[in-house]
Amino acid sequence: IEYYLQRDINSSFYMNLVTYFMFNKVAKKIKNIKVIYAYENRSSEKMMLMAMKRYGVNEIYGYFHAPIDERHIAIFISNNEKNIMPLPKKIFVIGKKIKEDLVYYRNFPEEIIEVLGVLKQSFLFNSKKINRKQWSGKILVLLSSEMKKNLLVFLFLKSYEKINLLNVRFRFHPSYFDVEISQIILNSKEGVFNVSRNKNLIDDLYWSDLVIHTNTGSSCEALYMGKPMLHIQTPYGYNDNMLKKCEGLCWSISNHFEMTSVLEIVEKMPDEKFNELYVKSKNYLDDIFEPCRGEVLTQLIDAKM
């Protein structure tokens, strides 16, 4: 009985109720409040919106800070939901391509979607592309927030017959660091596998020749900085890849033979061809990421809209 009670208490249903009543109290006690939050259209967000609007709090703004791909199935409004789903007053996005996706493919009201530009990735526009260097077999692995996928990527690389010719560094997702997996990595291939201790992604990108990813927003940042990107398909879940439509420095593989082939292509690629593919990559990303529009940010923070 205790087990099932604990399971139910930790379920999303009860957490949504907690969220609703918590923000009921906040809205009731604090007047003239403006809310700005990371928008993902989760059920807990809708509970927050319902509770706040109940007490007349309407200055609520969401910021969707990442690219959108097929895995974002929650970010969609059906025709039946359009008039009843709780939504913020405005949803700010990182670029015009995201706005188009939300309006034309995911059925969001156009009048509440506005382009703000990137905040977290703003450093990209002040950073120079990392110059290509001679191949040395340094591979950076960007782990996602999904533990099972991370383990499968680790096992895929561990069993690769040519892994001892490489130097592989694993970088954990900003919101997810697993001590056990970190120790497994360090103990498995001494001198080949290591775990990043750098605070900044840029430091790891300068170190690497190529970047491996499953699906994480940092993959876009790495590509923007000029790094070849290798997506590993895993047998777990949906193989989402936000770079799959990019025709630049991007490859996707599912076996060791394909990995060997891609590594050889990248190593032997002439600089002229490499730069040509980088331009294609940057053009693709420029449609997704836009510099922060300062006037929009000021309007959001300082004044009512």
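Computed from a prediction, not measured in an experiment: that's the story for all the values here.
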Peer 1: List for me each residue that meets side-chain contact (heavy atoms from CB on, under 4.5 Å) alongside Leu155, sequence neighbours excluded, and say none if there are none.
Peer 2: none

Peer 1: Report the residue from Ile212, Leu166, Leu152 that forms a side-chain contact (heavy atoms from CB on, under 4.5 Å) with Leu157.
Peer 2: Ile212

Peer 1: Would a single hydrophobic cluster contain both Tyr55 and Ile30, if residues Ile, Leu, Val, Met, Phe, Trp and Tyr are joined by side-chain heavy-atom contacts under 4.5 Å?
Peer 2: no

Peer 1: Would you kindly confirm whether Tyr104 and Ile113 end up in one hydrophobic cluster when ILVMFWY residues are joined by side chain heavy atoms under 4.5 Å apart?
Peer 2: yes

Peer 1: Would you mind reporting whether Ile253 and Ile232 have side-chain heavy atoms less than 4.5 Å apart?
Peer 2: yes

Peer 1: Quick check: closest heavy atoms across Gly226 and Leu249, and the distance to 0.1 Å?
Peer 2: O-CD1, 4.2 Å

Peer 1: Quick one: does Arg106's side chain have a donor or acceptor within less than 3.5 Å of a partner on Ile75's backbone?
Peer 2: yes

Peer 1: Roughly how far, to the nearest 0.5 Å, is CG of Asp204 from CZ of Arg171?
Peer 2: 5.0 Å

Peer 1: For the backbone of Phe170 and the side chain of Asn194, can you confirm whether one donor and one acceptor N or O come within less than 3.5 Å of each other?
Peer 2: no

Peer 1: Measure from the side-chain N and O atoms of Lys138 to the backbone N and O of Tyr206, and report whether any donor-acceptor pair falls under 3.5 Å.
Peer 2: no

Peer 1: Do you know which two heavy atoms are closest between Leu277 and Glu247, and how far apart they sit?
Peer 2: CD2-O, 3.8 Å

Peer 1: Kindly indicate whether the side chain of Tyr39, heavy atoms from C-beta on, has any atom under 4.5 Å from the side chain of Glu45.
Peer 2: yes

Peer 1: I want to check something: taking the side chain as every heavy atom from C-beta on, are Glu81 and Asn107 in contact at a cut-off of under 4.5 Å?
Peer 2: no

Peer 1: Step through the shown structure and confirm whether more than 12 heavy atoms of other residues, nucleotides or ligands are within 6.0 Å of NZ on Lys162.
Peer 2: no

Peer 1: Just how far is it from atom CG of Asn275 to atom NZ of Lys129, taken to the nearest 0.5 Å?
Peer 2: 5.0 Å

Peer 1: Which pair of heavy atoms, one from Cys220 and one from Leu285, lies closest together, and at what distance?
Peer 2: O-CD1, 3.5 Å

Peer 1: Indicate the atoms forming the closest heavy-atom contact of Ile77 with Pro109, along with that distance.
Peer 2: CD1-CD, 4.3 Å

Peer 1: Please report the shortest heavy-atom distance between Ala51 and Ala27, naming the atom on each side.
Peer 2: O-CB, 4.2 Å

Peer 1: If you define the side chain from C-beta out and look only at heavy atoms, does anything of His173 sit under 4.5 Å from Leu143?
Peer 2: no

Peer 1: Measure the OG-CG distance between Ser218 and Leu223 for me, rounded to the nearest 0.5 Å.
Peer 2: 12.5 Å

Peer 1: Counting neighbours of CZ on Arg42 that are heavy atoms of other residues, nucleotides or ligands and sit closer than 6.0 Å, is the number greater than 12?
Peer 2: no

Peer 1: Taking the side chain from Lys99 and the backbone from Glu110, do they hold a donor-acceptor pair closer than 3.5 Å?
Peer 2: no

Peer 1: Report yes or no: do Val18 and Tyr14 belong to one cluster of Ile/Leu/Val/Met/Phe/Trp/Tyr joined by side chain heavy-atom distances under 4.5 Å?
Peer 2: no

Peer 1: With rounding to the nearest 0.5 Å, note down the distance linking CD1 in Ile36 to CD1 in Ile60.
Peer 2: 11.5 Å

Peer 1: Are the side chain of His231 and the backbone N or O of His213 linked by a donor-acceptor pair below 3.5 Å?
Peer 2: no

Peer 1: Keeping the roles fixed (side chain from Lys227, backbone from Leu205), state whether a donor-acceptor pair exists under 3.5 Å.
Peer 2: yes

Peer 1: Can Phe156 and His256 be said to form a side chain to side chain contact (heavy atoms under 4.5 Å, CB included), step by step?
Peer 2: CA-CA 8 Å; Phe156 178 90; His256 291 156; 3.4 Å; yes

Peer 1: Take atom NZ of Lys28 as the centre, draw a 6.0 Å sphere, and report whether it contains more than 12 heavy atoms from other residues, nucleotides or ligands.
Peer 2: no

Peer 1: Under a 4.0 Å threshold between the charged nitrogen and the carboxylate oxygen, would Lys273 count as salt-bridged to Glu276?
Peer 2: yes

Peer 1: For Glu272, look at atom CD and say whether over 12 heavy atoms of other residues, nucleotides or ligands are found less than 6.0 Å away.
Peer 2: no

Peer 1: Would you check if Val141 and Phe154 make a side-chain contact, meaning some heavy-atom pair closer than 4.5 Å?
Peer 2: no

Peer 1: Are the side chain of Asn255 and the backbone N or O of Phe257 linked by a donor-acceptor pair below 3.5 Å?
Peer 2: yes

Peer 1: Should the pair Asp101-Lys97 be classified as a salt bridge under the 4.0 Å nitrogen-to-oxygen rule?
Peer 2: no

Peer 1: Which atom names give the shortest non-hydrogen contact between Cys292 and Leu297, and what distance separates them?
Peer 2: SG-CD2, 3.9 Å

Peer 1: Within the 4.5 Å heavy-atom criterion, are Glu59 and Lys89 side-chain neighbours or not?
Peer 2: yes

Peer 1: So, for Phe92 and His65, is the gap between ring centers shorter than 6.0 Å?
Peer 2: no

Peer 1: Is Leu201 close to Met225 at the side-chain level, that is, under 4.5 Å between some pair of heavy atoms?
Peer 2: no

Peer 1: Going hydrophobic residue to hydrophobic residue with side-chain gaps under 4.5 angstrom, can you get from Tyr105 over to Ile98?
Peer 2: yes

Peer 1: Do side-chain atoms of Asp209 reach the backbone of Gly137 as a donor and acceptor pair under 3.5 angstrom?
Peer 2: yes

Peer 1: Let me confirm one number: the OH-SG distance from Tyr284 to Cys250, rounded to the nearest 0.5 Å.
Peer 2: 8.0 Å

Peer 1: In Å, rounded to the nearest 0.5 Å, how long is the span from NZ of Lys158 to CZ of Phe193?
Peer 2: 8.0 Å

Peer 1: Hey, any chance Val279 and Ile288 share a hydrophobic cluster, counting ILVMFWY side chains that come within less than 4.5 Å of each other, even indirectly?
Peer 2: no

Peer 1: Counting only heavy atoms not in Lys245, do more than 12 fall under 6.0 Å of its NZ?
Peer 2: no

Peer 1: Less than 4.5 Å apart, side chain to side chain, heavy atoms only: is that true for Trp135 and Leu210?
Peer 2: yes

Peer 1: Apply side chain to side chain contact (heavy atoms under 4.5 Å, CB included) to the pair Phe76 and Asn41, showing each step before the final yes or no.
Peer 2: CA-CA 8 Å; Phe76 179 83; Asn41 204 34; over 6 Å; no

Peer 1: Is there a donor-acceptor contact under 3.5 Å from the side chain of Tyr20 to the main chain of Met15?
Peer 2: no

Peer 1: Between Leu230 and Val266, is a side chain to side chain contact (heavy atoms under 4.5 Å, CB included) present by the stated rule, with each step listed?
Peer 2: CA-CA 10 Å; Leu230 179 58; Val266 173; over 6 Å; no

Peer 1: Is there a side chain to side chain contact (heavy atoms under 4.5 Å, CB included) between Lys34 and Tyr61 once you walk through the steps?
Peer 2: CA-CA 8 Å; Lys34 174 185 284 188; Tyr61 305 97; 4.0 Å; yes

